[in-house]
Amino acid sequence: MEAPVRVRFAPSPTGFLHIGGLRTALYNYLFARSHTGGKFILRIEDTDQSRYVEEAEDDILRSLEWCGIVVDEGPDNPGEVGPYRQSERKELYNKYGKELIESGHAYYAFDTTEELDQMRERLQKSGNPSPKYDAITRQSMKNSLTLPQDEVTKRLEAGEEYVIRLKVPRRETIRFEDLIRGHVSFESKGLDDQVLIKSDGMPTYHLANVVDDYLMKITHVIRGEEWLSSTPKHILLYSAFGWEPPQMAHLPLIMSPTGGKLSKRKAEEEGIPVNTKDYIKHHYEPEALVNFLAYLGWSPGDDSEIHSLNELTRLFTLDRVSKGGAVFNHKKLMWYNEQYLREQSNKVLANRLREIAGKEKITLPDDDYLEKAIELLKERVSKVDELLSMGSFFFDDPKEYDPNALKKWKEDSPVLVKEYRSKIDKLSDEEFEAVKLKSLLEEVINANGVGFGKLMMPLRIAVTGQGFGPDLFASMELLGKETVLRRIDNTLHELG
RNA sequence: GCCGCGUUCGUCUAGGGGUCUAGGACGCCGCCCUUUCACGGCGGUAGCACGGGUUCAAAUCCCGUACGCGGUACCA
């Protein structure tokens with residue numbers, strides 16, 4: 001019997017949850033759920049105090065929740081291997097750092113930032129393009145490998161600042177098996193003596209991540225490709241501790257349409273919302289985002305496209321994750337959004353619309369009317385909030401005319417509209433229905449020997465202010481006789 | 001520069017030696033439906049980066065090249 005699957009999403013609270021981070025979380029979650037008894041763990045990697053952002057952790061939690069991703073163990077619902085914030089595990093890392101020094105796998109270094117800069121500069125001048133603190137250079141630096149034992153003790157006792165560095169072996173080939181990429185290998189000579197414990201006493205990502213994954217019994221590390229290059233350091237660490245490393249899986253990056261990693265700046269330039277909270281704020285369908293993101297770098301292998309989080313959970317396997325970076329396609333996201341939007345009942349949409357309208361201080365009509373309006377609008381919008389903008393004429397007399405539509409208001413329009421007006425004026429409220437309204441329009445165009453559009457478009461402009469939109473006759477029926485006549489009169493008055 | 005990882009239609013992908021004159025989805029274009037705009041239906045456009053091998057046979061395996069991306073911090 002294999003150990004139960006345990007995966008973690010380990011974001012750094014340095015800002016709002018990025019869309020790429022969300023996908024990493026999603027893949028971890030899907031992987032956990034695709035195994036019976038699998039656990040999805042949230043660990044906050046707040047070891048960089050200079051970049052810490054107060055609201056970030058809350059934003060991460062809220063974003064995951066919005067997507068329907070349930071955290072099995074995390075800061076808010078700890079399991080047995082807590083705490084789940086690295087800042088609260090500081091002592092632990094120190095203990096393991098010391099252990100590494102004792103076993104000869106790490107050492108103290110006292111070099112100042114200036115001295116490190118000087119070293120790099122010196123090396124660069126002598127033709128070394130990527131200076132490293134490695135097996136060669138460490139011999140001429142200030143550390144417990146070069147300094148006499150008693151001086152090291154003296155410095156430590158004096159409370160002098162130090163870091164702990166990993167003693168990377170001079171020549172060694174580090175190999176590991178990546179679940180997505182297969183065989184990967186690095187030469188240790190390309191690695192530097194990575195700082196493990198910083199001078200502020202906090203661990204670096206590398207140490208903390210290894211120690212925590214081990215202590216939290218993580219079985220699979222699923223993370224972005226940007227970590228692939230530092231994985232050999234982690235492998236070295238595992239073996240220094242004598243621990244079995246977890247399975248590794250490095251996900252392809254999400255790319256910007258203009259190339260490169262989808263960074264915050266790039267995304268903004270291209271009009272792509274980059275933070276999950278932006279999707280929440282702009283009323284995207286969470287199921288659509290999830291579905292879209294799942295398919296960005298993964299596919300189930302058949303021709304299916306639409307799957308709920310639950311279904312994805314059953315379909316997901318790591319070996320179907322692609323290797324190459326995936327370009328974010330906003331139009332496809334919108335397509336997904338439309339799919340999920342149309343699935344919802346008019347009643348549900350009405351409730352959601354009320355919530356949105358409430359925030360924007362817009363007053364909406366009663367449920368019956370609202371749901372009928374939604375029914376007419378639903379097939380024409382991409383996002384739920386567009387029901388409000390496209391359907392504004394259902395809720396208020398148009399304040400202005402779409403300049404583009406106005407081109408269809410011709411010289412003969414007033415006459416035709418007037419004639420139509422006088423016909424529908426004779427209808428009772430009960431008779432004011434789509435079929436009747438349409439046949440009366442036909443009467444007018446036939447009598448005048450003109451095409452349908454000659455009257456239809458001006459009428460639409462008068463009633464909705466727009467040149468497009470839901471079925472005009474159904475819309476007029478819903479609007480009611482009084483409103484329609486009022487709008488026609490207003491328009492006749494304004495446009496002549 | 002060095003190290004690593006990638007590369008199938010514009011984009012996301014299917015494909016894992018013959019069934020590929022390469023399939024699906026988004027987008028785009030056209031037609032139908034609708035005398036609006038959409039939705040829907042039908043059809044179309046367009047791709048195996050390049051060069052060598054291996055093999056009777058390569059999009060699929062191997063090697064190079066090019067290009068892209070990532071990493072190269074007391075950031076994660």
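Numbered from 1 within each chain, the chains take letters A, B, ... in sequence-line order.
- A 4.5 Å side-chain heavy-atom check between A:P252 and A:R23 finds at least one atom pair inside the cut-off.
- Contact annotation for A:G224: no contact, since no heavy-atom pair falls under 4.0 Å across all strands.
- Annotation for A:R175: atom CZ does not count as buried by contact number, only 12 or fewer foreign heavy atoms lying within 6.0 Å.
- Using a 4.0 Å heavy-atom cutoff across all strands shown, A:G325 reaches sugar-phosphate atoms only and no base atom.
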Under 4.0 Å protein heavy-atom contacts per nucleotide of nucleotides 58-76 of chain B, with B for base, S for backbone only and - for none: -----------SBS--BBB

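- B:C61 is paired with B:G53 under the Watson-Crick or G-U wobble criterion, all donor-acceptor distances under 3.5 Å.
- Positionally, the nearest nucleotide of RNA chain B for A:P129 lies more toward the 5' end than for the other of A:H183 and A:P129.
- Taking 4.0 Å as the cut-off between side-chain N and carboxylate O, A:D134 and A:K189 do not count as a salt-bridged pair.
- As judged by a 4.0 angstrom heavy-atom cut-off over every strand, A:I445 is placed among the base-contacting residues.
- A:P470 comes within contact range of at least one nucleobase, with a heavy-atom separation under 4.0 Å.
- Residue contacts for A:S185: at a heavy-atom cut-off of 4.0 Å it reaches the sugar-phosphate backbone alone, with no base atom in range.
- With respect to the salt-bridge test (charged N to carboxylate O, under 4.0 angstrom), the residues A:R165 and A:D192 do not qualify.
- Atom C1' of nucleotide B:C3 and atom CZ of A:F176 are separated by 12 Å, given to the nearest angstrom.
- With a cut-off of 3.5 Å on both pairing distances, the Watson-Crick or G-U wobble partner of B:C69 is B:G4.
- Straight-line distance from the NZ atom of A:K332 to the P atom of B:G24: 13 Å, rounded to whole Å.
- Pair assignment for B:C9 gives none, since no Watson-Crick or G-U wobble pairing has each distance under 3.5 Å.
- Looking at heavy-atom distances under 4.0 Å, A:D471 makes contact with a base.
- Between A:K189 and B:C2 there is no side-chain N or O to OP1 or OP2 distance below 4.0 Å.
- At whole-Å resolution of the value, CZ in A:R460 and P in B:U34 are 16 Å apart.
- The existence of a salt bridge linking A:K277 and A:D59 is excluded, since no basic side-chain nitrogen approaches an acidic carboxylate oxygen closer than 4.0 Å.
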